[in-house]
Amino acid sequence: MAGNKGRGRAAYTFNIEAVGFSRGEKLPDVVLKPPPLFPDTDYKPVPLKTGEGEDYMLALKQELRETMRRMPYFIETPEEKQDIERYNKRYIKVYKEEWIPDWRRLPREMMPRKKCKKAGPNSKKTKDTGKDTSLTNTEDVLKKIEELEKKGDGEKSDEENDEKEGSKEKSKEGDDDDEDEAAEQEEYDEEEQEEENDYINSYFEDGDDFGADSDDNMDEATY
Amino acid sequence: MTQAEIKLCSLLLQEHFGEIVEKIGVHLIRTGSQSLRVIAHDTGTSLDQVKKALCVLIQHNLVIYQVHKRGVVEYEAQCSRVLRMLRYPRYIYTAKTLYSDTGELIVEELLLNGKMTMSAIVKKVADRLTETMEDGKTMDYAEVSNTFVRLADTHFVQRCPLVPATENSDPGPPPPAPTLVVNEKDMYLVPKLSLIGKGKRRRSSEDDATGEPKAKRPKHTTDNKEPIPDDGIYWQANLDRFHQHFRDQAIVSAVANRMDQTSSEIVRTMLRVSEVTTPSGAPFTQPLSSHEIFRSLPAGYNIAKQVLDQYLTLLADDPLEFVGKSGDSGGGTYVINLHKALGSLATATLESVVQERFGSRCARIFRLVLQKKHLEQKQVEDFAMIPAKEAKDMLYKMLSENFISLQEIPKTPDHAPSRTFYLYTVNILSAARMLLHRCYKSIANLIERRQFETKENKRLLEKSQRVEAIIASMQATGAEEAQLQEIEEMITAPERQQLETLKRNVNKLDASEIQVDETIFLLESYIESTMKR
């Protein structure tokens, strides 16, 4: 066994002749690099099929590609503003028809934000509670203010007022609470308006101008 | 999903729907199903854009959604459906060959829009056809809807899953996403619409729809507020049915090549008769007696019953087993072995790829191994009658390219090479998979090359478009011949030549894409039918 192995020659457990190397022949080098990106081919590729059908499909394919670009489904990336307005931009502008998806078929979160808000159970609750407080408390506050104007400052008159309303144990603190609540109510309104405005902007301006962070802020707004 | 497939999906999405949709789509393909917020966060895209992209993907049936517990909606991309976009030209062309221009436009509109209501399709197609007609002529809505009904009857178009009607009395917040229901019975049921009208006008007449309460109301185009009669009933192209058609075509032409025209006509008849009765994934068609086949032969075909029986016996005896005999009753019943047929077609594809890549002598070895199943190296050399050294070389080349695989059978448990049989074999399934993967890769390469070519010549293309636009507008205003000539000369001769070259290259690349997809179709059908067993 050891005799036919030769010095420095790797020892194989099998007969190398079986894989096509004659005795004493040099083995090929170890390949250390990946195969070439564009290897030579021994055989030329066969020509493509041609015919009426093939030509028609080719035309269809190219037409389809063009049409797809003009469909409303093709969402273009907002391109960065160029310093010089290119003349052809003005008339090459593609006309796209409006596409309104059938919201009934889509998850509710897909809808633009406005509708989402109204439908969301969370917002409903806040609105409901808001309404309740406004109905009961604003009247109170208004009355109080009126009476305060008439009678001038005085804790007693306040107490009397409260008695009239039927809440005997209400003290100054309770009064403060009321006012606080009213103030809070105002805040709510402001916030809501702000957001609705935000929403409107984002809706009509395509939302492209808004970065990811502005969105996040909006979502995290507390009610 | 392999990297090659994802790459191809990405290129296709980008070409059809733009960068943003591509980003979202590829992210979904890579990660599997995810919720809206996670997608937006992971891709760093604004919520609005993610929503828009998802709407587009859902519209085109490329993404499905599902409500998970706690009301989270998760979106999942349909990778294999994305790859079908490669085949759109072929679907449209098939519709044209079967149902002429009207069918072509119906399928084209469906593919372009993903899903549409029947009334919208009919209107759009009629308008488009009217545009191409001479002045004064218009396309009748009734004609278009007839074609549509025929497409639905032959299952080439089908209804999308429906949103079930919701009861308003349902307390509590509405579910976060509608659950779509597939109604098997109504899949191909066309709503009774009274789409009567010509060209761009549209009016309706009395409608006696019984089953479709929505369709009962007559409508007027003048009033846009009027509810659409088939509101909510969306249609999509039934790609499986198209695939079934492609498969049948391939089988018929294979039989024609192997035997003759008459036998292919018999096979075509058998396939046509069992078209609707056989489910698309079945390995066999429904058994047909020779009488049934005889009766269903096309009228122009004059074959005597005896001749038909002879043909059927001949087909059943063929070693490829496209046609099998399933029984002797009724003058013999015959089936078409769809699974075997697809296997033969895939094998033939493999053989021809080996032949074109490695030459005919390699193909001889390949066929030999295919035929004998398992062969030792020595046997290959002897049977192929190729000198040992060359035969080894070829065998190893095919082994390293994964067309041929090696099976070790050790005599002793220590797997010592000297005491092991090495058997060469062709595993058709894995070779087909390998080839399929290669096809995806080559199409991705073709697309990239095409985009590169177009990008390189962008300026030139824009210039030629501009010149063409100017010429067209000048022709419309009635400019003189000399002026037109002058404008035309704005593109110099070398530029013209460059444009020609570009056009030729792009055409070639596009045509290759379509034709590689044919191979993809065959291999996929074979793999699919094998996996089902």
Side-chain angles (χ1 to χ4, degrees), chain A residues 12-15 18-20 41-43 45-46 48-50 53-65 67-69 71-77 88 91-92 99 101-102 104-113 119-121 124 202-203 206-208 210-212 214-216 219, chain B residues 15-21 36 40 44-49 51-56 58-60 65 67 73 88-90 92-93 96 108 111-114 163 173-174 176-178 180 232 234 356-359 377 388-389 392-393 416-418 462 466 469 507-508 510-515:
Chain A
Y12 292 101
T13 52
F14 61 97
N15 183 11
V19 259
T41 43
D42 299 337
Y43 298 91
V46 271
L48 292 168
K49 268 197 287 179
T50 47
E54 271 72 24
D55 288 346
Y56 196 82
M57 271 193 269
L58 175 67
L60 269 176
K61 182 171 162 56
Q62 293 178 342
E63 194 190 297
L64 206 69
R65 194 161 57 222
T67 321
M68 256 349 240
R69 283 190 170 268
M71 294 301 271
Y73 312 114
F74 192 93
I75 304 175
E76 304 207 36
T77 34
N88 61 1
Y91 66 95
I92 287 186
W99 171 51
D102 189 344
R104 287 167 302 176
R105 298 186 61 89
L106 294 166
R108 261 180 324 124
E109 59 185 8
M110 280 294 117
M111 304 243 270
R113 191 157 282 128
K124 230 180 196 171
S202 70
Y203 185 51
D206 240 357
D208 290 345
F210 283 83
S214 75
D215 257 319
D216 285 352
D219 291 321
Chain B
E15 219 165 55
H16 286 84
F17 304 114
E19 305 264 337
I20 297 165
V21 179
L36 177 65
T45 318
S46 77
L47 261 180
D48 269 342
Q49 289 191 331
K51 281 183 195 172
K52 265 197 228 165
L54 282 175
C55 280
V56 169
I58 293 171
Q59 168 81 11
H60 286 263
Y65 55 82
V67 186
V73 186
Y88 281 5
R90 210 162 157 215
I92 300 171
Y93 182 66
K96 187 190 171 69
E108 188 181 334
L111 292 175
L112 278 173
N113 290 291
V163 181
L180 299 178
Y234 284 89
E356 297 307 330
R357 282 182 75 90
F358 308 107
Q377 185 171 291
K389 190 159 168 133
K392 271 178 204 140
D393 196 35
S418 52
E462 274 175 10
R466 219 156 42 222
N507 279 354
K508 204 167 184 177
D510 267 331
S512 316
E513 274 174 52
I514 298 173
Q515 293 185 22

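To find a chain, count down the sequence lines: A is the first, B the second, and so on, and within it residues start at 1.
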Relative to chain A, which segment of [X] carries a heavy atom at a distance below 4.5 Å: side chain, backbone, both, or neither?
| X | result |
| --- | --- |
| Ala511(B) | both |
| Ile58(B) | side chain |
| Asn113(B) | both |
| Tyr93(B) | both |
| Gln515(B) | side chain |

Notebook entry, point to check: When you measure from the side chain of Tyr43(A) to the backbone N and O of Phe358(B), does any donor-acceptor pair fall under 3.5 Å?
Noted result: yes

Next item on the list: Would you sort out whether Leu64(A) and Ile92(B) count as a side-chain contact (heavy atoms from CB on, under 4.5 Å), showing the intermediate values?
Entry: CA-CA 10 Å; Leu64(A) 206 69; Ile92(B) 300 171; 3.8 Å; yes

Can you tell me how far [atom2] of [Y] sits from [atom1] of [X], rounded to the nearest 0.5 angstrom?
| X | Y | atom1 | atom2 | answer |
| --- | --- | --- | --- | --- |
| Asn507(B) | Leu58(A) | CG | CG | 4.5 Å |
| Gln59(B) | Arg105(A) | CD | CZ | 8.5 Å |
| Leu36(B) | Glu109(A) | CG | CD | 4.5 Å |

Please find the pair of heavy atoms, one from [X] and one from [Y], that lie closest to each other, and give the distance.
| X | Y | answer |
| --- | --- | --- |
| Glu15(B) | Phe74(A) | O-CE1, 3.7 Å |
| Lys61(A) | Pro89(B) | CB-CG, 3.7 Å |
| Ile75(A) | Val21(B) | CD1-CG2, 3.7 Å |
| Lys508(B) | Leu48(A) | O-CD1, 3.7 Å |

Note to self: I need the residue from Glu356(B), His60(B), Arg357(B) with the largest number of non-hydrogen atom pairs under 4.5 Å to chain A.
What the structure shows: His60(B)

Note to self: Is there a side-chain contact between Leu60(A) and Lys96(B) in this structure, where contact means two heavy atoms from C-beta onward sitting under 4.5 Å apart?
What the structure shows: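 Not in contact.
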
